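Report on one structure; see the data block that follows.
Everything quoted here is computed from the prediction, not taken from an experiment.
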Amino acid sequence: MRSETYFSIAFEALALNKVRSALTMLGIIIGVFSVIVMIGLGQGSQAYITDQVKGLGAGVLIVTPGNPKTQSGFGPPIGQAQSLRIPDALALETIPGVTFVSPQNFAQTIVEVGKNAIGGQIVGTSPNVQGVRGIKVTDGRFFSDQEWRTGARVIVLGARLSRELFKNTLTQPLGAKVKIGEQRFRVIGLLAGSSGAALGSTDDQGYIPTRAMQSIIDTGDRLVSIMIKVDNEALLPVVEDQAKRILRTRHGIRPDEDDDFKVQTQADVLQTVSMVTNAFTVLLAGIAAISLLVGGIGIMNIMLVSVTERTREIGIRKAVGAKTGAILRQFLIESATLSLAGGTIGILLGLGATWAITRFAALPFVLSPAALFGAFVFSAAVGVFFGAYPAAKAARLDPVEALRYE
């Protein structure tokens with residue numbers, strides 16, 4: 001029997017029970033759909049973060065507090081940063097070849113204007129953050145060095161934060177006062193959308209002088225990170241070495257002691273991002289793949305029912321000369337057809353859902369051909385694996401007993 005004949009018989013058998021076949025494929029559809037979406041979102045997130053980090057330029061060092069041997073990621077949680085302080089950032093500005101040094105503090109809090117209260121991230125930093133992160137002010141201005149040194153109560157608002165804060169009010173943002181905790185800050189500038197900013201969205205952020213941050217969160221002059229911009233990428237190793245030497249001296253670290261800070265280059269950050277996102281992608285895809293196994297069990301169950309229902313048909317085919325291998329191939333092709341059809345539908349639905357989610361979340365739509373091919377092959381393998389036992393059972397039927405079956 002030719003291959004196309006096997007497929008023709010398989011489609012005819014599946015078409016006789018359309019609802020049952022569709023319900024059987026549903027498990028495979030959901031499994032492949034979940035795997036495609038999870039992998040797509042993981043790869044999209046990795047591509048987004050990679051683009052943002054690369055947007056800093058190659059000549060950037062990021063200093064975070066904590067022992068690098070016991071610390072993973074980008075630093076300790078906010079509020080636990082102990083080793084970096086504002087004087088450390090000022091000392092790093094003296095290194096030859098350094099263009100900008102930007103000390104950073106963060107607080108997730110509520111910003112209020114009248115009856116409007118919006119959650120946003122307040123960033124305590126210096127004016128140098130504009131040069132390091134490529135931040136653009138569309139209206140007004142950024143705070144000055146003098147305002148930074150004195151801890152002036154001024155704020156520069158991100159695009160979405162300002163829009164939501166002053167929605168349904170007659171107040172113009174520039175010059176208005178916003179309330180953060182018990183303090184009031186005067187709005188002196190509005191940022192452009194975050195498309196031009198590196199290392200994350202600025203839309204929901206507000207920027208205030210680092211020292212003014214002390215009135216919002218009880219961190220003293222401790223910092224979450226220090227960003228160093230170097231004017232020549234070739235100087236990165238030298239600047240990194242000098243930065244470590246300055247910080248070790250300032251922190252009184254003996255030669256036999258480990259650093260209490262971590263210095264990362266762009267390549268280090270990208271490697272960390274890649275490791276974290278890959279781990280989460282594999283974890284989520286693995287969880288989603290469990291539904292594929294459930295779908296495979298459904299295929300096995302339906303194929304066993306099909307063998308029972310078609311016992312007399314199998315007996316007739318064997319009686320007229322059908323070989324055991326032909327019966328085996330027939331039922332394997334039917335189970336593989338169910339699985340491949342479900343896998344194809346799952347891939348198409350997964351691509352559509354991934355595109356919609358990444359578009360809504362402003363993430364790049366990235367899905368490697370290897371992921372699509374792998375999902376397709378895996379769905380076919382599930383069909384063959386779980387269809388093997390029912391096919392073997394059909395092939396082993398005794399033709400005499402099969403013909404007598406009612």
How long is the straight-line distance from [atom2] of [Y] back to [atom1] of [X], given to the nearest 0.5 Å?
X: Ile30; Y: Met25; atom1: CD1; atom2: CE; result: 12.0 Å
X: Gln264; Y: Ser225; atom1: CD; atom2: OG; result: 10.0 Å
X: Ile226; Y: Leu247; atom1: CD1; atom2: CG; result: 6.5 Å
X: Leu92; Y: Ile95; atom1: CG; atom2: CD1; result: 5.0 Å
X: Ser126; Y: Gln104; atom1: OG; atom2: CD; result: 7.5 Å
X: Ile135; Y: Gln205; atom1: CD1; atom2: CD; result: 7.0 Å

Residue pair [X] / [Y]: nearest heavy atoms and the distance that separates them:
X: Ile28; Y: Gly343; value: CG2-N, 3.5 Å
X: Gln172; Y: Ala176; value: O-CB, 3.4 Å
X: Ala212; Y: Phe185; value: CB-CE2, 3.9 Å
X: Leu157; Y: Ile155; value: CD2-CD1, 3.7 Å
X: Val156; Y: Arg141; value: CG2-O, 3.7 Å
X: Pro103; Y: Thr210; value: CG-OG1, 3.9 Å

Item to check | Step-by-step side-chain contact (heavy atoms from CB on, under 4.5 Å) determination, Trp148 to Asn128 | outcome: CA-CA 10 Å; Trp148 177 72; Asn128 290 339; over 6 Å; no
Without swapping roles, check the side chain of [X] against the backbone of [Y] for a donor-acceptor pair under 3.5 Å.
X: Gln242; Y: Val239; answer: no
X: Asn105; Y: Val224; answer: yes
X: Arg153; Y: Gly151; answer: yes
X: Gln43; Y: Gly40; answer: no
X: Asp241; Y: Val238; answer: no
X: Thr138; Y: Leu190; answer: yes

Checklist entry - Taking atom CZ of Arg149 as the centre, does the number of heavy atoms from other residues, nucleotides or ligands within less than 6.0 Å exceed 12? => result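 Yes, CZ of Arg149 has more than 12 neighbouring heavy atoms, counting only those of other groups under 6.0 Å.
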Next on the checklist: Tell me if the CZ atom of Phe365 is crowded by more than 12 foreign heavy atoms within 6.0 Å.
Outcome noted: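 More than 12 within 6.0 Å, yes.
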Taking the basic N atoms (NZ, or NE/NH1/NH2) and the acidic carboxylate oxygens, is any pair closer than 4.0 Å for [X] and [Y]?
X: Arg248; Y: Asp259; answer: yes
X: Glu112; Y: Arg184; answer: no
X: Arg160; Y: Glu164; answer: no

With heavy-atom distances below 4.5 Å as the criterion, would you say the side chains of [X] and [Y] are in contact?
X: Ile188; Y: Phe143; value: yes
X: Lys229; Y: Val101; value: no
X: Leu223; Y: Arg85; value: no
X: Thr99; Y: Val230; value: no
X: Asp260; Y: Ile253; value: yes
X: Ile180; Y: Ile122; value: yes
X: Leu84; Y: His251; value: yes
X: Asp203; Y: Leu191; value: no

Next on the checklist: For a side-chain contact (heavy atoms from CB on, under 4.5 Å) check, start with the C-alpha distance between Gln183 and Lys179, then their side-chain angles and the critical distance, and finish with the verdict.
Outcome noted: CA-CA 6 Å; Gln183 304 293 326; Lys179 185 178 179 182; over 6 Å; no
Next on the checklist: With no hydrogens and no angle check, just 3.5 Å: does a side-chain donor-acceptor pair link Ser102 and Thr125?
Outcome noted: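 Yes, because at least one side-chain N or O of Ser102 sits under 3.5 Å from a partner of the opposite role on Thr125.
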Next on the checklist: Would Leu349 and Ile29 count as a side-chain contact (heavy atoms from CB on, under 4.5 Å) here? Give the steps.
Outcome noted: CA-CA 8 Å; Leu349 292 177; Ile29 291 172; 4.0 Å; yes
Checklist entry - Given the rule in the side-chain contact (heavy atoms from CB on, under 4.5 Å) test, do Met227 and Phe100 qualify, once you have shown the distances and angles that lead to the verdict? => result CA-CA 8 Å; Met227 301 180 72; Phe100 301 113; over 6 Å; no
